[in-house]
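Beneath this line is the structure, given in structure tokens, with notes to follow.
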Amino acid sequence: ENDAVRLSCDGVTDTARFARDGTTLFFHCRGATSRVTDLSVAAASRNAISESDGKLRASMNGWVVSVLAKAGDTVTAGQPLVVIEAMKMQHVHNAPVAGVIETLGAAEGDQLTTGFIIAEIRANVPDRKTET
């Protein structure tokens with residue numbers, strides 16, 4: 001269903017209901033509610049430039065298996081920048097805003113922790129016309 005996810009761990013399968021409020025996800029399973037922050041491309045594409053600080057953070061602990069951009073590159077919001085591997089699964093981390101990569105703090109083979117700032121992007125700001 002659109003508001004449910006199926007979870008499976010060690011042979012036990014269950015269903016949890018969820019709701020989204022911006023980048024916050026609320027999960028309800030077995031009488032308990034949990035709250036998490038969504039750092040995926042879906043969250044980045046839903047936010048306007050003003051709602052992001054332009055920092056791409058690792059959403060989990062893992063190894064950098066691929067770096068798809070470099071400092072100085074111009075990127076679009078949602079563009080894949082880095083691939084991290086955790087528990088034999090690869091997770092693509094995307095630009096949170098459109099702009100220019102000012103710093104890129106990860107290289108292939110690096111071990112990252114959750115929240116590590118992978119890249120800082122100076123957001124594109126629309127030009128304002130000056131009145132004459």
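All figures in this text were calculated on a predicted structure; none of them were measured in a lab.
Between Leu7 and Val12, every side-chain heavy-atom pair lies at or beyond the 4.5 Å cut-off. Counting only heavy atoms from C-beta outward, the side chains of Asp73 and Ile101 approach each other to under 4.5 Å.
Panel note: side chain His28, backbone Phe18; no donor-acceptor pair is recorded below 3.5 Å.
Atoms CG and CG, from Leu56 and Leu81 in turn, are 5.5 Å apart once rounded to the nearest 0.5 Å. Annotation: the span from Cys9 atom SG to Asp14 atom CG amounts to 11.5 Å, rounded to 0.5 Å. The distance from atom CG of Asn61 to atom OG1 of Thr114, rounded to the nearest 0.5 Å, is 4.0 Å. We find the OG-CD distance between Ser66 and Glu108 to be 5.5 Å, quoted to the nearest 0.5 Å. Note: Phe26 CZ to Thr33 OG1 = 9.0 Å, rounded to the nearest 0.5 Å. The distance from atom CD1 of Ile121 to atom OG1 of Thr103, rounded to the nearest 0.5 Å, is 9.0 Å.
Considering every non-hydrogen atom in both Gly78 and Asn94, the closest pair reads O-OD1, 3.2 Å. The heavy-atom pair separating Thr13 from Ser8 by the smallest distance is OG1-OG, 3.4 Å. Taking both residues in full, the closest heavy atoms of Val75 and Ala95 are given as CG2-CB, 3.9 Å, listed atom of the first, atom of the second, then distance. In terms of heavy atoms, Ala77 sits closest to Pro96 at CB-O, 4.3 Å.
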Criterion side-chain contact (heavy atoms from CB on, under 4.5 Å) on His93 and Ser59, from CA distance to verdict: CA-CA 8 Å; His93 285 60; Ser59 63; 3.0 Å; yes
Verdict with reasoning, Met89 to Met87, per side-chain contact (heavy atoms from CB on, under 4.5 Å): CA-CA 6 Å; Met89 292 186 66; Met87 299 186 332; 5.6 Å; no
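In terms of the side-chain contact (heavy atoms from CB on, under 4.5 Å) criterion, residue partners of Thr15 (sequence neighbours excluded) are, by chain and number, Ala4, Arg6. Annotation: side-chain contact (heavy atoms from CB on, under 4.5 Å) contacts of Ala86 (sequence neighbours excluded): Met60, His91. Taking Glu102 as the reference, Arg122 meet the side-chain hydrogen bond (donor to acceptor under 3.5 Å, both in side chains) condition, with sequence neighbours excluded. For Val64, the side-chain contact (heavy atoms from CB on, under 4.5 Å) criterion is met by Val67, Val82, Ala106, Asp110, Leu112, not counting sequence neighbours. In this structure Arg35 satisfies the salt bridge (Lys or Arg N to Asp or Glu O under 4.0 Å) test with no other residue, sequence neighbours excluded. Applying the side-chain contact (heavy atoms from CB on, under 4.5 Å) test to Gln90 and every residue at least two apart in sequence or in another chain returns Val65, Val83, Glu85.
Phe116 and Trp63 sit in two unconnected hydrophobic clusters of ILVMFWY residues. Membership requires side-chain heavy atoms under 4.5 Å apart, directly or through other members.
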